[in-house]
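In listed order, ligands and their atoms are each counted from 1. Because the structure is a prediction, the values reported are computed rather than measured.
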Amino acid sequence: MTEDDQLELRRSLGRFATGVTVVTCLGDKGPCGITANSFSSVSLQPPLILWNIAKVSHSLQAYLAAEHFAINVLSAEQQQISHHFAQSDHTVFNGIDYESSRHGVPVLPGTIACFECRTHEIHECGDHYIIIGEVERFDSSDGDPLLFFRGDYHLRGNKL
Ligand SMILES: Cc1cc2nc3c(=O)[nH]c(=O)nc-3n(C[C@H](O)[C@H](O)[C@H](O)COP(=O)(O)O)c2cc1C
């Protein structure tokens, strides 16, 4: 693939609208968080979900080693949180409110859903790893989702 092809592929993939999550875990050096829209449900029985992490991510080792992680699904009011955890210093929780799960994983308040997971399987795939988690606990509440489409945040998902 040429660089132009890659850009066009990226642009085309961006036509798939998604929600936005922050995936958290407790690493060696403390709590970690990374903005991710690769989250997807996989199976109900057993309850499995997945997300992908880039091999170049500075927190890759923490997620590969983590026995537990949480998927925090952001609300329309949490664009700043998404922005914060899309930075390279996203491991810094300074100024970010959170509670710790019973496994010490950071759980963000104000989200519209949270899935606390035990790492089930990890697959190396291209320039990413696919991380599959078994959902151990979950929670949800009302509220509009933060949406991501064509490289931009969108705040209103009108029901048709
Ligand atoms: C809306 C959005 C979705 C993202 N989804 C992912 C993702 O699914 N997987 C991933 O590895 N990075 C994703 N990123 C990029 C990471 O958040 C970002 O590269 C990372 O936090 C930068 O720090 P790092 O390289 O130190 O990990 C996404 C960024 C944004 C803004």
*Is the number of heavy atoms from other residues, nucleotides or ligands within 6.0 Å of CZ (Phe138) greater than 12?*
no
*Is Trp51 touching ligand 1 with its side chain, its backbone, both, or neither, if touching means heavy atoms under 4.0 Å apart?*
neither
*State whether the number of non-hydrogen atoms from other residues, nucleotides or ligands found under 6.0 Å of Glu121 atom CD is greater than 12.*
yes
_is_close_aromatic(Phe115, Trp51), centroid dist under 6.0 Å_ = no
*Which of the atoms of ligand 1 are close to Ser38, meaning less than 4.0 Å from one of its heavy atoms?*
7 (C), 8 (O)
*Proximity flag His83 to ligand 1, non-hydrogen atoms under 4.0 Å*: no
*asked:* Is there a polar contact between ligand 1 and Ala54, counting only N or O atoms under 3.5 Å apart?
replied: yes
*Return yes if some donor-acceptor pair links the side-chain N/O of Asn72 with the main-chain N/O of Leu108 below 3.5 Å, else return no.*
yes
_Under 4.0 Å, counting heavy atoms only: does Tyr153 come that close to any atom of ligand 1?_
yes
_List ligand 1 atoms under 4.0 Å from Ile53, heavy atoms only on the residue side._
11 (O)
*Ligand-residue contact atoms, ligand 1 with Asn52, heavy atoms, under 4.0 Å*: 7 (C), 8 (O), 9 (N), 10 (C), 11 (O)
*For ligand 1, which atoms sit closer than 4.0 Å to a heavy atom of Phe148?*
1 (C)
*Quick check: does Ser59 get an N/O under 3.5 Å from an N/O on ligand 1?*
no
*Cluster link Ile96 to Val107, ILVMFWY, side chain under 4.5 Å*: no
*Does a side-chain heavy-atom distance below 4.5 Å link Leu155 with Asp144?*
no
_Restricting to non-hydrogen atoms, name the atom on Pro106 and the atom on Pro31 that form the minimum distance, rounded to 0.1 Å._
CG-CB, 3.4 Å
_I'd like to check which ligand 1 atoms, numbered from 1 as shown, lie under 4.0 Å from a non-hydrogen atom of Ser88._
23 (O), 24 (P), 25 (O), 26 (O)
*Begin with the C-alpha distance, continue with both residues' side-chain angles, and end with the deciding distance and a verdict on side-chain hydrogen bond (donor to acceptor under 3.5 Å, both in side chains) for His83 and Gln87.*
CA-CA 7 Å; His83 184 66; Gln87 311 292 311; 3.3 Å; yes
*For ligand 1, which atoms sit closer than 4.0 Å to a heavy atom of Phe85?*
17 (O), 21 (O)
*Between Cys32, Ala36, Ala86, flag the one that comes closest to atom 19 (O) of ligand 1 by a heavy atom.*
Ala86
*Please state which part of Leu60 comes within less than 4.0 Å of ligand 1, counting heavy atoms only: side chain, backbone, both or neither.*
neither
*Considering all heavy atoms of both residues, which atom of Thr21 and which atom of Val23 are nearest to each other, and what is their separation?*
OG1-CG2, 3.8 Å
*Any idea which atoms of ligand 1 are less than 4.0 Å away from a heavy-atom of His58?*
24 (P), 25 (O), 26 (O), 27 (O)
